[in-house]
Number of protein chains: 2
Amino acid sequence: MLKLYSESPKHYVAVDCIIFGYDITDKELKLLLIKRSFDPAKGKWSLSGGFVEENEDIDSAATRVLGTLTGLSDLFMEQLGTYGSVDRDPGARVISVAYYSLIGIHEINTEKQEQNGAHWRSISAIPALIFDHDKMVKAALAELLHKVKTQPVGFELLPEKFTLVQLQELYEAVYQRKIDKRNFRKKILSMNLLEKLDEKEKQTSKKGAYYYRFNEEKYKAFKRNGFFFNLDVN
Amino acid sequence: MLKLYSESPKHYVAVDCIIFGYDITDKELKLLLIKRSFDPAKGKWSLSGGFVEENEDIDSAATRVLGTLTGLSDLFMEQLGTYGSVDRDPGARVISVAYYSLIGIHEINTEKQEQNGAHWRSISAIPALIFDHDKMVKAALAELLHKVKTQPVGFELLPEKFTLVQLQELYEAVYQRKIDKRNFRKKILSMNLLEKLDEKEKQTSKKGAYYYRFNEEKYKAFKRNGFFFNLDVN
DNA sequence: CCAAAAGTGTTTTCTCTACACCCATGT
DNA sequence: ACATGGGTGTAGAGAAAACACTTTTGG
């Protein structure tokens with residue numbers, strides 16, 4: 001570093017959130033997108049974002065944006081990367097730090113969101129997005145695919161209680177392919193991270209499917225002993 | 001985004017480079033660190049960095065910093081993440097985008113570097129670093145470990161011609177453990193990414209070890225056909 | 001001729017894959 | 001009693017791990 005701080009230029013810094021949601025009923029992975037309400041690119045689809053304030057950590061800015069849109073806090077969220085091409089935003093030079101987060105669509109009031117100009121769109125039919133947001137979404141999807149294989153984040157997209165069928169459907173929605181039922185169950189159950197409950201889900205079948213719950217404590221304990229989550233099934 | 005651009009604050013944005021180097025002779029993975037020449041934290045060890053200029057992409061800023069220090073261009077470099085806590089730099093609020101890069105120590109003039117206050121330090125004995133640079137290094141190391149397993153980046157740390165022994169020693173330095181020679185060779189050679197040369201390296205043994213070269217073109221072709229590099233050996 | 005490092009295969013173990021039938025229950 | 005979705009095990013293939021001796025050659 002040759003220059004003094006004061007001799008260096010300052011930049012607008014924004015956060016953009018790639019919000020993944022899973023809908024247990026229509027079994028689709030979705031993205032929360034907004035219709036932009038101001039120029040430039042007013043009326044176009046975009047990720048939701050916001051500027052980083054003076055005395056605000058970047059992570060906090062992302063949490064704030066996410067909270068404003070969903071009304072939820074304590075969601076899974078992770079930094080994806082920073083997009084800093086000079087011309088990425090035609091309005092001004094804005095550096096954007098992208099975050100992705102996972103939320104269960106069942107948890108939130110979808111109608112209220114749509115009033116705010118936010119809409120859930122299936123990842124199989126994402127509209128064109130402004131600026132480099134397509135690039136961000138593409139990167140986030142790649143990251144998500146890797147993440148669900150190597151860390152137990154799939155549960156973030158489901159309600160606390162879920163059936164193995166629902167868990168498998170989630171993985172199928174993310175991978176976009178069918179998974180062998182027996183191999184999937186064998187593998188996930190062999191990790192000993194799920195607790196079988198006495199309760200059954202009876203809406204979708206007469207027999208009913210047992211509910212399970214992810215045990216965070218067990219996972220932490222296993223991890224301390226060098227265990228790695230791995231759910232790469234055929 | 002509720003605010004207009006002009007109502008939002010601007011921030012100093014810097015890049016910091018985690019520069020990994022591998023020394024073929026002492027078989028150690030190293031980091032290029034500098035003794036900071038100005039306040040705050042003058043005289044302390046730090047990563048090399050620099051501010052992002054007005055009309056400069058962030059990636060370009062990182063390339064520039066790396067070039068200034070090493071005199072090299074076209075090096076392997078990738079974004080690691082952005083560090084944006086308000087108080088991370090006591091001098092001012094500076095948002096830092098961290099990059100890591102891989103270079104062969106043999107390629108550069110080490111003496112010239114040391115004159116610039118830059119020093120290669122083994123990763124097994126990294127001094128305390130300023131600000132959150134320790135955190136960056138830790139993250140970069142984790143990323144590197146993952147990267148060398150899943151992408152052919154190890155070659156970036158070696159000269160163009162290298163022996164299989166040298167390649168294995170590099171992986172041993174990165175993983176910090178011994179690897180089985182026969183399994184390692186079997187696996188890397190079965191990928192068909194290395195070309196055996198007619199030349200032998202004769203400094204370290206009487207018999208001499210054949211030189212190999214990484215074939216970038218083959219790798220690209222294989223990748224197009226869905227091949228994934230994987231070098232996870234015991 | 002011998003020290004020192006390079007090079008080379010096989011067996012065993014484990015993990016991944018493929019695959020089909022019975023079970024429970026509401027109507 | 002039957003239709004519907006839930007739940008279960010095993011055999012074969014392929015990948016990973018363990019392991020020790022022969023080759024070459026400069027001094």
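Residue numbers start from 1 in every chain, and the chains themselves are labelled A, B, ... in the order their sequence lines are given, proteins ahead of strands. As the structure is a computational prediction, the values presented were derived from the model and not from experiment.
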Legend entry - Residue A:S205, side-chain atoms from C-beta onward, closest of C:dG7, D:dG5, C:dT17: D:dG5

Legend entry - Contact nearer the 5' end of DNA chain D, comparing A:A209 with B:V233: A:A209

Inset, instruction - Select base, sugar-phosphate, or nothing to describe what A:K181 touches, counting heavy atoms under 4.0 Å on all strands. - result: base

Legend entry - Rounded interatomic separation in angstrom, taking CD1 from B:I188 and P from C:dT8: 15 Å

Inset, instruction - For A:K149 and C:dC16, give me the distance from atom NZ to atom P, rounded to whole Å. - result: 12 Å

Inset, instruction - Scan A:T163 against the nucleic acid and name what it touches under 4.0 Å (heavy atoms): base, sugar-phosphate only, or nothing. - result: nothing

Inset, instruction - Please check the phosphate of D:dA16 (OP1 and OP2 only) for any side-chain N or O of B:K187 closer than 4.0 Å. - result: yes

Legend entry - Interatomic distance, B:R182 CZ vs D:dA16 P [rounded to whole Å]: 17 Å

Inset, instruction - Would you indicate which nucleotide in D:dT10, C:dA5, D:dT4 comes nearest to any side-chain atom of A:K186? - result: D:dT10

Inset, instruction - Quickly work out the B:Y210 OH to C:dA6 C1' distance and round it to whole Å. - result: 11 Å

Legend entry - Side chain of B:D180 - closest among D:dC19, D:dT24, D:dA17: D:dC19

Inset, instruction - Look at the side-chain N and O atoms of A:K202 and state whether any lies under 4.0 Å from the OP1 or OP2 oxygen of C:dT25. - result: no

Legend entry - Polar side-chain contact A:K207-C:dA24 base: donor and acceptor under 3.5 Å: no

Inset, instruction - Could you tell me whether A:N183 contacts a base, only the sugar-phosphate backbone, or nothing, with contacts defined as non-hydrogen atoms closer than 4.0 Å? - result: base

Legend entry - Interatomic distance, A:I179 CD1 vs C:dC19 C1' [rounded to whole Å]: 17 Å

Inset, instruction - Check whether any side-chain N or O of B:R185 sits under 4.0 Å from OP1 or OP2 of C:dG7, and answer yes or no. - result: yes

Inset, instruction - Provide, to the nearest angstrom, the distance between the CG atom belonging to A:N234 and the P atom belonging to D:dG14. - result: 14 Å

Legend entry - Rounded distance in Å - NZ (B:K206) to P (C:dC1): 15 Å

Inset, instruction - Using a 4.5 Å cut-off on heavy atoms from C-beta on, say whether the side chain of A:V153 contacts that of A:F229. - result: no

Legend entry - The single option from B:Y211, B:F155, B:Y22 passing ring pair (Phe, Tyr, Trp, His ring centres under 6.0 Å) against B:F162: B:F155

Legend entry - Any donor-acceptor N/O pair, A:Q166 side chain to A:T163 backbone, under 3.5 Å: yes

Legend entry - B:N234-B:N183 side chain donor-acceptor pair, cut-off 3.5 Å: yes

Legend entry - For atom CD of B:E201 and atom P of C:dA4, their distance in whole Å: 17 Å

Legend entry - NZ or CZ of A:K196 within 45° of A:Y212 ring axis and under 6.0 Å: no

